[in-house]
Amino acid sequence: MRISVTVFLTDETIAPTRLARELEQRGFAGLYLPEHTHIPVERTSPYPAGGELPPEYGRTLDPFVALGQAAAVTERLGLGTGITLVAQHDPIDLAKQIATLDHLSGGRFTLGLGFGWNVEEAADHGVEWRTRRELVRDRMALMRALWSETPTGYEGAFGSVRASFAYPKPVERPRGPVAGQIAGSVIGPRTLVGGAAGPKLFADICAYADGWLPIGGRGLGESLPRLRAEWADAGRDPASLQVVPYAVHPTPGKLAHYADLGIEEVVVQLPPAGEAEVLRVLDGYAEYF
């Protein structure tokens, strides 16, 4: 099983370059970084984990800049977002950022995307909360048009783009097929959708992604068969579905359970801390290799 990590990198934590080098030297598979542009002080959205919102949420580094630094000092380390808040981005700009990072890293990028939980943060980006899932699906279709090998236009409910020259292209070749609103093949880097199990999430995964980032990795014994059934019903290749438990606090039993479910990669949680503490935790994770 491949072991990757996620961490809230901030202006107070270990630097992206230092962490990336240590991860590659120790044999970790990848580095996934979260995204929050800002955290409004006046907020009614509750922290999903309960209690007070940890301070690192308001200090998070831009994941694409940090991953660009990580790419520059490594050769094999996977690079991912966990998660990109696609609804909060201009999709033309985001398509360029993703394609550039994937191109410069030699195809090492994974787009982990999600729909968010902070209503106030999203509202400052002009996002209408009740239609954010539809907005993300529309923006994924627009980005796929820009990533196509030939100039391809897109006209959607939330945005459009003319047929355009748009380079670089992501390294990953088209795969699929998929049907529905985003017909054709999956185009772009490996794409995983984060969120809680349910019909809406599974429909999104089957429509435009390569798999699922289940946060915390709980309940997979029950939910994974449902996703696999919906995946097959959508005409997707059963062998191609990727499920990557995310932000996991590992134990030997937990990882053995994931392996029994056919899971090939898990993303473990690192503390948002300075170099000494992060390296100490990495030393502790050595038992899982």
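Below, all heavy atoms of this structure are taken into account, side chains as well, without hydrogens, waters or symmetry copies.
Both V193 and V136 are members of a single hydrophobic cluster when ILVMFWY side chains are connected at heavy-atom separations under 4.5 Å. Linking Ile, Leu, Val, Met, Phe, Trp and Tyr residues whenever their side-chain heavy atoms come within less than 4.5 Å leaves F115 and Y246 in two separate clusters. Hydrophobic cluster membership is shared by M1 and L270, with clusters built from Ile, Leu, Val, Met, Phe, Trp and Tyr side chains linked at under 4.5 angstrom. In this structure, V281 is a member of the same hydrophobic cluster as L77, with clusters built from ILVMFWY side-chain heavy atoms closer than 4.5 Å. Under the 4.5 Å side-chain heavy-atom criterion for ILVMFWY residues, a single connected hydrophobic cluster contains both Y208 and V243.
Side chain of T100 to backbone of I98: no donor-acceptor contact under 3.5 angstrom is found. Checking side-chain atoms of S240 against main-chain N and O of P238 turns up no donor-acceptor pair under 3.5 Å. Between the side chain of E24 and the backbone N or O of R76 there is at least one donor-acceptor pair closer than 3.5 Å. Remark: the backbone N or O of A70 is paired with a side-chain donor or acceptor of T74 at under 3.5 angstrom. In this structure a side-chain-to-backbone donor-acceptor pair under 3.5 Å is present from W212 to G195. Listed for the T131 side chain is no donor-acceptor partner under 3.5 Å among the backbone atoms of W129.
Take E155 and apply the salt bridge (charged side-chain N to carboxylate O under 4.0 Å, His left out) test, not counting sequence neighbours, and it matches no residue. By the side-chain hydrogen bond (donor to acceptor under 3.5 Å, both in side chains) test, R190 is found to be paired with Y32, T110, Q242, E265, residues two or more places apart in sequence or in another chain being considered. With sequence neighbours excluded, no residue forms a side-chain hydrogen bond (donor to acceptor under 3.5 Å, both in side chains) with D233. Residues that satisfy the salt bridge (charged side-chain N to carboxylate O under 4.0 Å, His left out) test with D260, not counting sequence neighbours, are absent from this structure. In this structure, E42 has no salt bridge (charged side-chain N to carboxylate O under 4.0 Å, His left out) partners at least two apart in sequence or on a different chain. The ring pair (Phe, Tyr, Trp, His ring centres under 6.0 Å) check on H257 picks up nothing, with sequence neighbours excluded. Partners of H125 by ring pair (Phe, Tyr, Trp, His ring centres under 6.0 Å), not counting sequence neighbours, listed by chain and number: H38. Contacts of R21 classified as salt bridge (charged side-chain N to carboxylate O under 4.0 Å, His left out), with partners at least two apart in sequence or in another chain: none.
T44 is not listed as a side-chain neighbour of V119, based on a closest heavy-atom distance of 4.5 Å or more. Between P34 and T81 the shortest side-chain heavy-atom distance does not fall below 4.5 Å. The shortest distance between side-chain heavy atoms of Q269 and V248 does not fall below 4.5 Å. Looking at V266 and V244, their side chains never come closer than 4.5 Å, going by heavy atoms from C-beta outward. Taking 4.5 Å as the limit, every side-chain heavy atom of L85 sits out of range of all side-chain heavy atoms of V127. With a 4.5 Å cut-off on side-chain heavy atoms, R43 and L53 count as touching. Between R133 and D204 the shortest side-chain heavy-atom distance falls below 4.5 Å. Between D210 and E172 there is no side-chain heavy-atom pair separated by less than 4.5 Å.
The nearest pair of heavy atoms linking S164 to R162 is OG-O, 2.6 Å. Counting all heavy atoms, side chain and backbone alike, L101 lies closest to A71 at CD1-CB, 4.4 Å. Smallest separation of non-hydrogen atoms from I187 and S148: CD1-OG, 4.0 Å. P16 and L61 get closest at one heavy-atom pair: CG-CD1, 4.0 Å. Taking all atoms of both residues into account, the shortest heavy-atom contact from G106 to V171 is C-CG2, 4.1 Å.
Classification of R173 and E149 as a salt-bridged pair holds, one side-chain N sitting under 4.0 Å from a carboxylate O. A salt bridge between R132 and E128 is absent, with no side-chain N of the basic residue lying under 4.0 Å from a carboxylate O of the acidic one.
Note that CG of L113 and CZ of R139 are 12.5 Å apart. Values are rounded to the nearest 0.5 Å. Note: D93 CG to M143 CE = 11.0 Å, rounded to the nearest 0.5 Å. One distance of note links CG of L9 with CG of D62; it measures 11.5 Å at 0.5 Å rounding. Note that CD1 of I14 and CG of L282 are 7.5 Å apart. Values are rounded to the nearest 0.5 Å. Residue L67 holds its CG atom at 11.5 Å from CG of D102, rounded to the nearest 0.5 Å. Here the NZ atom belonging to K96 is positioned 9.0 Å from the CG atom belonging to L146, to the nearest 0.5 angstrom.
Taking the ring centre of W147 as origin, the terminal cationic atom of R144 falls outside the region bounded by 6.0 Å and 45° from the ring axis. The cationic atom of K169 (NZ for Lys, CZ for Arg) lies less than 6.0 Å from the six-membered ring centre of Y167 and within 45° of the ring axis.
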Trace of the side chain to side chain donor-acceptor pair (under 3.5 Å) decision for R59 with T13: CA-CA 10 Å; R59 308 189 75 104; T13 66; over 6 Å; no

Residues E120, S45; criterion side chain to side chain donor-acceptor pair (under 3.5 Å); working and verdict: CA-CA 7 Å; E120 292 76 23; S45 299; 2.7 Å; yes

Side chain to side chain donor-acceptor pair (under 3.5 Å) assessment of Y154 paired with S160: CA-CA 5 Å; Y154 177 76; S160 63; over 6 Å; no

Audit row: R108, L31, side-chain contact (heavy atoms from CB on, under 4.5 Å) steps and yes/no: CA-CA 10 Å; R108 290 188 276 151; L31 169 63; over 6 Å; no

Test side-chain contact (heavy atoms from CB on, under 4.5 Å) applied to R137 and V86, step by step: CA-CA 9 Å; R137 187 177 290 211; V86 172; over 6 Å; no

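No close placement of the F202 and W231 rings is indicated, their centers lying 6.0 Å or farther apart.
Residue pairs that meet the ring pair (Phe, Tyr, Trp, His ring centres under 6.0 Å) test with at least one member in residues 41-99, sequence neighbours left out, are F8-Y57, H36-Y57, Y47-Y57, F64-F109. Residue pairs meeting the ring pair (Phe, Tyr, Trp, His ring centres under 6.0 Å) criterion with at least one member in residues 258-289, sequence neighbours excluded: F28-F289.
Looking only at atom types and distance, the side chain of Q69 has no donor-acceptor partner in the side chain of T17 under 3.5 Å away.
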Under 3.5 Å, which donor-acceptor pairs link side chains of residues 273-280 to any protein atom two or more places apart or in another chain?
unit_1 : atom_1 : unit_2 : atom_2 : d
E275   : OE1    : R18    : NE     : 3.3
E275   : OE2    : R18    : NE     : 3.0
E275   : OE2    : R18    : NH2    : 3.1

Side-chain donor-acceptor pairs under 3.5 Å in residues 213-230, sequence neighbours left out?
unit_1 : atom_1 : unit_2 : atom_2 : d
S223   : OG     : G219   : O      : 3.1
R228   : NH2    : L261   : O      : 2.6

